[in-house]
Novice: 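Before I ask anything, let me first share the structure, which is written out below as structure tokens.
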Amino acid sequence: MKLFVSEGNPHCLKALAVLELTGVKCDVQHVNHEEKVVPFLSRPILPVLHLPSGQYLFSSNAICQYLFDVSKKGSNKQSHQWLEWEATELQPALMYALHLVVVQGKTADPAKGLEAPLSFLEQSLSKKTTPFLTAETVGVADIVLWAALYPAFLENSLKTSELKSTRTWFERVGVLPACQASVQSVFKGKGVEALKGYLQKQPAPHGQHTQPRDTHTSSNESPTETEDSDHHTTEEEIEVAAQIWNQRIDCQSKPERKHPILPEEGKRNVLITSALPYVNNVPHLGNIIGCVLSADVFARYGRQRGWNLLYICGTDEYGTATENKAREEGLTPQEICDKYHAIHTNIYKWFQIDFDFFGRTTTQKQTEIAQNIFWRLHERGFLIEDIVEQLRCESCQRFLADRFVEGVCPFCQYPEARGDQCDKCGRLINAVELKEPQCKVCKQTPVIRSSKHLFLDLPKLEANLEQWLDQSVSTGDWTTNARNITRSWLRDGLKPRCITRDLRWGTPVPHPDFSGKVFYVWFDAPIGYLSITANYTDQWEKWWKNPEQVELYNFMAKDNVPFHSVVFPCSLLGAQDNYTLVNNLIATEYLNYEDTKFSKSRGVGVFGDMAKDTGIPSDVWRFYLLYLRPEGQDAAFSWADMALKNNSELLNNLGNFINRAGMFVGKFFEGCVPQVVLQEEDKRLLAQVGWELKQYIQSLDKVRIRDALKCILNISRHGNQYIQVNEPWKKIKGGDTDRQRAGTVTAVSVNMAVLLSAMLEPYMPTVSETIRSQLQAPPATARFMLQGEGNFVCSLPAGHRIGTVSPLFQKLEAEQIETLKKKFGGQQPEEEASKKQAKTVTQDNAATKASAPVAASETSVKADPELVKQLVAAIAEQGDKVRVLKGQKAEKAVIGAEVAKLLEFKKQLTLAEGKSPEPAPQKGKKK
Amino acid sequence: MALKELSSLEKFLGLKKPNKYSTQGDRKVPVLQSNSGPGVVGLVTIATHLTLEAKKPDLLGSSAEERAVVQQWLEYRVTRLDGCAKEDIRTILKDLNTYLEDKVYLAGNHISIADPLMYYGLHHIIMDLAVHEKEKYLNVTRWFDHMQHYPSVRHHLPPVVVLRNRVYTSGHH
């Protein structure tokens, strides 16, 4: 055990005195004030007791208590209280006073803050009947307080002499040999000088505005370390940044998009697809971030970069689920598709998803292309016929394909595995392999029947596939999950995949032996990309049969990976028609909702059509979803976090900076951008911004959407800091040099705002456009700034007139968020109720059904705070009435009637609170 | 604030009968009212007192060393954390983060009264952290999340969302 102490430190005085007094065996080492003894503390602190267990005690009071404890002297409740008082009340006052007197040499009124604690101590001591604070003998509290006050008594200007009882007690403790020895050890006869040495090394106490002293501005406090992501710019970078700043913008404005967009020789031709959302449901936030929104950011970015780019998507409409939905809603499958296609279109429009074309799979082109690929596969011998054992539900009179059957996964025992795939382990399943299969519609156990089907001979295509994969994965951008999932598929070995189904709603199989059957959706759906493009332009083959010129990006959530990396490429490879295959496969992980899963049936989560009802702008939704984008790992949507991000990142950081920059131009420079005279500091900022811009471009080129968003926020953070340090609002009132400085800072800031608007475009298109129009920025700037490695140029030269500036973002208030959270929460106790409800209500509008958890069986009441308030009051009143009646020993019947009323109120209250009514409490009845 | 915290602490300790509290002074130091005698003053002292009342002395530490460590963190809470200057918050979080690197609880492998008290004191700070900051102070966040899910600790405070996965896997330095 070892005690580390330093000179002139009253806390060390405590520890040494107690050590002497208790006689505990312990080494003592004298060290400098700045010696860092405790490894986990940033700031040096003494005394420190290194315990035998290896732990460190760095609180002098804890050290004293410990030493008393091990010496069996013990301590009592009173000493606890004194120690806490010493640490929280006495010490701050003492440190403040001593600093003024000893370090700064002030004499006027330094003892003011000390008066209260000292007189409290005086009073307490004067009432004592014991010679010491807590007992007849000296205790831990005595030593601690004595040592703490020792400097005050040492320094005469702190009016300690008037405190009679305190002085008597102080001297009584001070004469103890242990205390004498410790004074000698700590102060070494140097008195106030030793104390001064110690105090000078301490950070200035609170409530005091001293000049920073040269002695101690600790090493770990430099601002660069707190801003951990700061890039340290080199001289070279700074010079380059300054040169770029002065470049002329040399780029024509964004060309009008002319449809149809077709690949062009000598250009970067990028074809982007987003996984086709399935039509039978409203997409939730996870679906949106997973494919369409991510692809949209990338597409917008690519257009800014000047790529020749086509972004297509559409609804996936064939399959059993649509048929089922149609049956539920009493419509034809086509009507269902029309209805939901419109819903999807509107949602994506609201989210500002800028498709070049948003189509659907139930078209003539789909049939033509799918059948063509089918025949080619057939002619080349890549299809095999086989008799399939299939599950058939006798009570529903049909074969139970895929999602119509559920059971226990034969691989991982997950109880809710689907007929084609297990959600838990991700393995593909043949429905007949499911254990304990159940018809999803009627819950009957299906029987096995046989039927003739066609299989895609994946094993035959495997070598071909692997060759292509090697090349695609090594040259393109494939997210890690996409690589891993694909690799595990290949490792398990490919098996023939059935591509036909005994259904009606699908692309008909053209082979006469298989009439009445349709293609399995996973053969059919990816062909949708081709047919949707074909519906966009007759020259679709220029995109899809052009692997030399076209780079294909597929965006999807991770569950779709195998169909895009294995099954579909095999179809296209087998067709041998020079198809464009995926070069870059971008898969997201899942987005959870407040730590649980989005669930339509439980009403948990926000669905696409509800986002706009929240009153939160589309851009803010986009921002938060992209900020959270589950890259690499699952992420969770949280309302509180959304509000936090809106308020801290958008409002206080980004919006604040852009708004201030514009306001300064308007307020101080009559709306005209002032002259720039770059100083070293400005150049360094330009270099930092340039570096972030470079990171942004590098990230987005690799489709790391979330990382790039962070660069934007870093730039505005730098900007805020820059404004804060340079204080243009003060400098504008100063002399010519100051005014010029204010001008430079303002002009650089407002130009940064233009850069930010360009970088924001893929993420928040409306905000981006608003900034541009507020600043009247020339349209060509955005494209120029994002060329090459990025160019932060001065795009608003001196004299440029800006427009009217107004705030870009609004605060999200806590109450608003609470309300939304409740609305979409699907809270635990209500879960059951809403589940039951979901089954009983007509399936008219799935959206409204899911939006509010509904409680009562006959009356559907939402929580009504006003009604709740009234009912609570009524219950209180009625309760009093009943009590009075009981107190008066009134007739049973009279009381009974009033009790019944009370119970009725309570029942109404439960309903009004949106809970399910519970059986009337038995307690009330008994009385 | 301190009073809500004390009532939560009583529940954590399993004390059935709530005590009466008041505050004194500008700093609103809590005082436990008592029918006999002058009352117990100060958050740490009251917490210690309540722990003994609840007959759970182990929560104060089961050895001299542990007792000292518990007292030290209790003191840390009221002297460093409470009323700390804004610029000190990062240092506190950084230090705690380093300290908690190899510990489940503040006093090591056993929960002590210092854990809930530090949790109550840190709550408003953690609440305001952005996701990437929570990840930066990973050990603090882990301990904090553990505390808020520990039976009977959270009570008066809203839960803070803690992502189970890291969003920012690596920063560039």
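Lettering of chains follows the sequences in order, A, B, ..., and the numbering in each one begins at 1. Keep in mind it's a predicted model, so treat the numbers as computed, not measured.
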Novice: Between B:V29 and A:E89, is a side chain to side chain contact (heavy atoms under 4.5 Å, CB included) present by the stated rule, with each step listed?
Specialist: CA-CA 10 Å; B:V29 178; A:E89 303 279 333; 3.3 Å; yes
Novice: Just how far is it from atom CG of B:L96 to atom CZ of A:F40, taken to the nearest 0.5 Å?
Specialist: 9.0 Å
Novice: Within this structure, what is the CG-CG distance for the pair B:D128 and A:L644, rounded to the nearest 0.5 Å?
Specialist: 7.0 Å
Novice: Which value, rounded to the nearest 0.5 Å, describes the distance between A:E84 atom CD and B:L74 atom CG?
Specialist: 8.5 Å
Novice: Could you check which of A:L51, A:L49, A:V70 has the highest count of heavy-atom pairs closer than 4.5 Å to chain B?
Specialist: A:L51
Novice: So, are B:D88 and A:R43 salt-bridged, with charged N and O less than 4.0 Å apart?
Specialist: yes
Novice: Sort B:A47 into side chain, backbone, both or neither according to what part of it lies under 4.5 angstrom from a heavy atom of chain A.
Specialist: neither
Novice: Given a strict heavy-atom distance threshold of 4.5 Å, which part of B:L129 is in contact with chain A: side chain, backbone, both, or neither?
Specialist: backbone
Novice: Kindly say whether the aromatic ring centers of A:Y56 and B:W73 come within a distance under 6.0 Å.
Specialist: no
Novice: Quick check for you: to the nearest 0.5 Å, what is the distance between B:Q71 atom CD and A:H80 atom NE2?
Specialist: 5.0 Å
Novice: Let me know if A:S638 has heavy atoms under 4.5 Å from chain B in its side chain, its backbone, both or neither.
Specialist: side chain
Novice: Among A:E649, A:Q78, A:Q55, which has the most heavy-atom pairs under 4.5 Å with chain B?
Specialist: A:Q55
Novice: Is there a side-chain contact between B:E65 and A:P52 (heavy atoms, below 4.5 Å)?
Specialist: yes
Novice: How far does CD1 of A:I63 sit from CD of B:Q72, to the nearest 0.5 angstrom?
Specialist: 7.5 Å
Novice: Work out which heavy atom in A:D69 is nearest to a heavy atom in B:A64; give both atom names and the distance.
Specialist: OD2-CA, 3.7 Å
Novice: Which value, rounded to the nearest 0.5 Å, describes the distance between A:Q65 atom CD and B:R67 atom CZ?
Specialist: 10.5 Å
Novice: Which atom names give the shortest non-hydrogen contact between B:A68 and A:A62, and what distance separates them?
Specialist: O-CB, 3.7 Å
Novice: Among B:T79, B:V70, B:L100, B:V44, single out the residue with the greatest number of heavy-atom pairs under 4.5 Å to chain A.
Specialist: B:V44
Novice: Between A:Q81 (side chain) and B:G42 (backbone), is there a donor-acceptor pair under 3.5 Å?
Specialist: no
